[in-house]
2 protein chains.
Amino acid sequence: MGMLQAGNNSHAMPYRDEHLTMDFTQQAVLLDSERMTLTRKEYELLALLVQHAGEIIPREALLMQVWGYGAEIRTRTLDVHVRRLRKKLGGYADQYIETVFGIGYRFQPFHAPRFCLPQAIRTAVALGA
Amino acid sequence: MGMLQAGNNSHAMPYRDEHLTMDFTQQAVLLDSERMTLTRKEYELLALLVQHAGEIIPREALLMQVWGYGAEIRTRTLDVHVRRLRKKLGGYADQYIETVFGIGYRFQPFHAPRFCLPQAIRTAVALGA
DNA sequence: TTAACTTGTAAAGACTTTGTAAAAAGTTGG
DNA sequence: CCAACTTTTTACAAAGTCTTTACAAGTTAA
């Protein structure tokens, strides 16, 4: 259902749009064909967002999945990491990582249509599943 | 799955890119057509990295495969060997041997702008999936 | 509008990991 | 045994990562 999958998704299908490519097997990210070097936490955060592209991921879920924090922990480290990610995404930052006030963040594929299905569903549809 | 193969890979396919050639049968390495003389450990380290080009190899795996060390052993000998390898790779060192902080090292083929995806996935991508 | 709350940002600190040079230890062939 | 070469250790230096702090800026609801 709405649950985020836990654990290692290194076998997930690669993500690709006009500017961003993400290979979860090789833990490699390209932005306009240039290698992006991300720290581990940055990578895990981006991976989680990208693998749920189009979905709002609550702060709590991110802190849970990436940091293992429970709901009681108060920290600003997520914000700091989002900021660094955005910086590394350059001019596309605002396009890609959207803040959903009071809830969390959402990754949007580049030039996402107004109504956008999550990556997993789009992939399934494209494959005729 | 993600396991590194152990043992002797002298029969593996040779590696070749714009600057580097590696023949595992003859244990011969050429850098810009010049023969590179590597010590045994240097050769084994480079061979292991090259045979898994594009993949991150954890320090532990390298220490296991090349040195036979277990996870408990603390040593800096891997770093020293990487350094000497890089020195012998000259100006291409940083291009070829990437440090993945907190994890290990990764050999990248020269000018590898795109991911090397498995055949099945490349086919799917090519078909527009 | 204002008060309460949420997010953005810069900078600093604590800590861990990696790089490097040099010396010590181990190995090999003559 | 000696000399040359290879490998490992040692001891720091350098670099990287993550978190917190403190405050600015933005958002919402009354």
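Chain naming here is simple, since letters A, B, ... match the order of the sequence lines and numbering starts at 1 in each.
In this structure, B/D79 and A/D79 both approach DNA chain C, and ranking their closest nucleotides by distance from the 5' end singles out A/D79.
Of the listed nucleotides (D/dT7, C/dT6, D/dT21), D/dT7 has the atom at the smallest distance from the side chain of B/R84. Checked against C/dT16, C/dT20, D/dT8, the side chain of B/F101 finds its nearest nucleotide in C/dT16. Comparing D/dT20, C/dT20, D/dT7 by their nearest atom to the side chain of B/R83 picks out C/dT20. Picking from D/dC18, C/dA21, C/dG19 the nucleotide with the shortest atom distance to the side chain of B/R86 gives C/dG19. Closest to the side chain of B/T39, out of C/dT20, D/dT7, C/dT9, is D/dT7. When distances are taken from the side chain of B/R76 to each of D/dT19, C/dG19, D/dT8, the shortest belongs to C/dG19.
Contact annotation: B/W67 does not reach the phosphate of D/dT7 (side-chain N/O to OP1 or OP2, under 4.0 Å). Side-chain N/O atoms of A/Y69 include none lying less than 4.0 angstrom from OP1 or OP2 on D/dC18. Phosphate proximity of C/dG19 to B/T99: present, with a side-chain N or O under 4.0 Å from OP1 or OP2. For the OP1/OP2 pair of D/dT17 and a distance below 4.0 Å, the side-chain nitrogens and oxygens of A/H81 include no atom meeting the criterion.
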Quiz item: Can you check salt bridge (charged side-chain N to carboxylate O under 4.0 Å, His left out) on B/R59 and B/D79, steps first, answer last?
Solution: CA-CA 9 Å; B/R59 295 178 65 92; B/D79 307 77; 2.8 Å; yes
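Of the inter-residue distances, the one linking B/Y96 atom OH with B/L46 atom CG reads 10.0 Å to the nearest 0.5 angstrom. To the nearest 0.5 angstrom, B/F107 atom CZ is 5.0 Å from B/L20 atom CG.
Residue B/T77 is in base contact, counting any heavy-atom pair closer than 4.0 Å across all strands shown. Residue B/V82 is classed as having no contact, given no heavy-atom separation below 4.0 Å to the nucleic acid.
A/R74 places its CZ atom 13 Å from the P atom of C/dT7, with the value rounded to the nearest Å. Summarising the geometry, the separation between CG on B/L78 and C1' on C/dT17 is reported as 12 Å, rounded to the nearest angstrom. We find that CG of B/D94 is positioned 16 Å from P of C/dT18, with the value rounded to whole Å. Rounded to an integer number of Å, the gap from B/K41 NZ to C/dA25 C1' is 14 Å. Atom OH of B/Y43 is separated from atom P of D/dT6 by 16 Å (rounded to the nearest Å). Between the C1' atom of C/dC5 and the CZ atom of A/R59 lies a distance of 12 Å, rounded to the nearest Å. At whole-Å resolution of the value, CG in B/L62 and P in C/dT18 are 11 Å apart. For the pair B/K87 NZ and C/dT18 C1', the computed distance is 17 Å after rounding to whole Å.
A donor and an acceptor atom never sit less than 3.5 Å apart when one is taken from the side chain of B/R40 and the other from the base of C/dT28.
Taking each heavy atom of B/Q27 and B/Y43 in turn, the nearest pair found is CA-OH, 3.5 Å.
Ion pair B/E44/B/R40 flagged as a salt bridge, since at least one NZ, NE, NH1 or NH2 atom sits closer than 4.0 Å to an Asp/Glu carboxylate oxygen. Under 4.0 Å is where a charged nitrogen must lie from a carboxylate oxygen, and between A/R106 and A/E55 no such pair does.
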